[in-house]
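Step one of this worksheet: look at the structure below.
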Protein chains: 2
Amino acid sequence: MPDTILYVCTTCRGANDASEPRAGARLLAALREAAGPAGPRIEGVECLSVCKRPCTVAVASEGRWTYVYGDLDPAESARTILEGIGLYAETPDGIVPWKARPEAFRKGVVARIPPLNQNLPDAAE
Amino acid sequence: MPDTILYVCTTCRGANDASEPRAGARLLAALREAAGPAGPRIEGVECLSVCKRPCTVAVASEGRWTYVYGDLDPAESARTILEGIGLYAETPDGIVPWKARPEAFRKGVVARIPPLNQNLPDAAE
């Protein structure tokens, strides 16, 4: 199976939250701590351009759809995100059935992008 | 240079617009007409999950950042989108300087995602 990569925006601030480190950086740290050595590859990114819906992550993998999620709580969402990424990593195309997705992913979806160089399947959301 | 692919959500409806074909399908047709044979590869997609900000497109290319844009007018934006995609296709990494981007892209940006399998450059927005 191809690697799954979890991108975490480290530039995101919470609403009315000027604290340092920023909410996005705190979420990145929480994800790394919760993931452990068997978890997905996790990379901090300087801005995913979803500034209106912090905190923000994206999950991508060669040959799978990419998903972007926002409105994530930096203190509470690490385990939920990792559960959702785990479901994603078990699929052939990255499309987890809607009802199986964590609620934070259903409510927080920002965008999805097809895999490059693939014939697009019938993949309505 | 790797292919640039322009994905166009064909499921998008305009606000208070129940007409058929849908706004997204009309934007796809307008883009194909405006692009001509030398244009980018253009693919219709059944939902990019940006339902709150129709119409929506994404631009992607092997080794470059992916960008997602919303709030695009189905009747008026085809040429602007193609101009923006042309600038993208001229860059090594997909990052067009902010001031050079069409206003519709600056205002309509929904998300960006790093290229897979690359060392992330210093790429603040």
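Proteins come first, then strands; the chains are lettered A, B, ... in the order of their sequence lines, and each starts at number 1.
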To the nearest 0.5 Å, what is the distance between [atom1] on [X] and [atom2] on [Y]?
X: Asp3(B); Y: Leu116(A); atom1: CG; atom2: CG; answer: 9.5 Å
X: Ile113(B); Y: Ser49(A); atom1: CD1; atom2: OG; answer: 9.0 Å
X: Lys52(B); Y: Lys52(A); atom1: NZ; atom2: NZ; answer: 12.0 Å

More than 12 heavy atoms from other groups under 6.0 Å of [atom1] on [X]:
X: Glu33(A); atom1: CD; answer: no
X: Arg79(B); atom1: CZ; answer: no
X: Glu20(A); atom1: CD; answer: yes

Smallest separation among heavy atoms of Val45(B) and Trp65(A), with atom names
CG1-CH2, 3.6 Å
Using every non-hydrogen atom in the two residues, find where Pro115(A) and Tyr7(B) come nearest and quote the distance to one decimal.
O-OH, 3.5 Å
Quick check: does any side chain N or O of Arg112(B) sit under 3.5 Å from a backbone N or O of Cys47(A), one acting as donor and the other as acceptor?
yes
Of the backbone (N, CA, C, O) and the side chain (C-beta and beyond), which part of [X] lies under 4.5 Å from a heavy atom of chain B, both, or neither?
X: Ile5(A); answer: side chain
X: Ala111(A); answer: both
X: Thr56(A); answer: neither

Checking heavy atoms, do the side chain of Thr11(B), its backbone, both or neither come under 4.5 Å from chain A?
neither
Set out, in order, the CA-CA distance, both residues' side-chain angles and the distance that settles side chain to side chain contact (heavy atoms under 4.5 Å, CB included) for Val110(A) and Val110(B), then state yes or no.
CA-CA 7 Å; Val110(A) 170; Val110(B) 170; 3.7 Å; yes
